Amino acid sequence: MTNNNLTYNEEEIYTLMMEALDGELSPAGWQQLQQSLELHPQLAREWSAMQAVDQLFNQAQLITPASHFAPATIAKLPDLKYRRSLLATVYTAVLMAGFAPLIALLWFITPWLLQAGVPTVVSETGQFLSVFLNALFLILLNFGELLRHNPAILGLFMVMFGSISLWSGVYRHLVNQPQLA
Amino acid sequence: MTQSTSSSLSAVAIQPTNRVKTGKHMEMTQQEQEALWLQQAMKGDRDAFGRLIEAYQGPVYNLAYRMLSNVGEAEEAAQEAFIRAFTRLDSYDPAHKFSTWMLSITSNYCIDIIRKRRAILLSIDEPLPPHPALMSEREKGPEGQALHHEQEVLVQRLLQTLPEEYRQAVVLRYWYDLSYEEIAEMMDTSVSAIKSRLFRARRDLAEAGLAMGLS
């Protein structure tokens, strides 16, 4: 692999080389490049190879597929209308599967609701919600007390959150790195 | 039979292979025709998409071959890219060129293939199998054919020395004459990242070229 520790002067020369290969180097830039390369024989050799590769790639021919390629590809194309119908059916089935338990529940509790009477059901539901909310309130209250007496817990949570964020960032960065073939 | 064009393809390869520039009016008609095919294809018209396949098979196949260096894999990859494009036409943004979108799907799919086959990738020291098109050029003499074959093998060997992201940038730059901005958009990265990749790729290619006796 190439050495990437460049001096300022080398970096400047490489910038000129890239501009030259892209056809964007001015006549003054060409002159500067030529003068610089005379002072750096190693870079001159590399520049010569870069130009040779550039020329080789520019001369490379367009490779076209065999004549059977297009008909074979067209034959492999899926039937989109059928595919969409199939997907719509599957999605509808999945949606209905989600509704089915709800419908079944309503089916079974409707007779009970009618038998027990609506006011009784509302009263029982209200009592249940009251107990649930009281329990939730007590849990939060005790947790608040715990934090007040031990603020280090809050710091611990923050450190845990920071660590998870940091390492997930590192992981994403590593995964997105270009890899050698 | 496979074929290869006899002229340099820079700056023209991204054009559909059956597109002929005969003036501004003709070019507009071609664009309108392409837009019409796309509209019909979005409604599920396979024949309309078939016309697009015929128009872009050259650029798409060439990209796959340059990335993969294998005729069979390139053909499969190009076919798969077209099928993916057809099934994802709903996500195509007409504000962008269809060719750019198509090449983006192809190159990303080729990168997936390269990553999958990395474990069994051939050593770069082994000679790569040449494209059959290189064997079938009857208009060239034996010496011309041999020289052309040698150059083509060298091109593919040099490309194979690059990591896939660098190879992708190099192929899009040299074979499709795309700007840094277009390549960055296709590769979903920044212009500075593309410049950096091309810079490193060119240095790596020069080093590999020197090692292969190119200067």
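All figures in this text were calculated on a predicted structure; none of them were measured in a lab. Below, read A as the first sequence line, B as the second, and so on, with proteins coming before strands; counting in each chain starts at 1.
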Report the distance from atom OH of B:Y174 to atom CG of A:L21, rounding to the nearest 0.5 Å. 5.5 Å
Heavy-atom contact with chain A under 4.5 Å, split by part of B:V171: neither
Measure the CZ-CZ distance between A:F57 and B:R66 for me, rounded to the nearest 0.5 Å. 8.5 Å
So, the side chain of B:N62 versus the backbone of A:I63: is there a donor-acceptor pair under 3.5 Å, distance only? yes
Heavy-atom contact with chain A under 4.5 Å, split by part of B:A41: backbone
Given heavy-atom pairs under 4.5 angstrom as the criterion, report whether the side chain, backbone, both or neither of A:K81 touches chain B. side chain
One should read off an interatomic distance between A:L77 CG and B:F49 CZ, to the nearest 0.5 angstrom, of 6.5 Å
Here the gap from B:I83 atom CD1 to A:K76 atom NZ, rounded to the nearest 0.5 Å, amounts to 6.0 Å
If you measure only the distance, is there a donor-acceptor pair under 3.5 Å linking the side chains of B:R203 and A:Y14? yes
When only pairs under 4.5 Å are counted, which of A:T15, A:T73, A:V53 shares the most heavy-atom pairs with chain B? A:T73
Heavy-atom cut-off 4.5 Å, strictly under: side chain, backbone, both or neither for B:K43 against chain A? backbone
Can you tell me if B:D188 has over 12 outside heavy atoms packed within less than 6.0 Å of its CG? no
To the closest 0.5 Å, what do you measure between CG (B:L198) and CE (A:M18)? 8.5 Å
Charged N to carboxylate O under 4.0 angstrom, A:D22 versus B:R202? yes
Identify the heavy atoms of A:R84 and B:G44 that sit nearest to each other, and give their distance. NH1-N, 4.3 Å
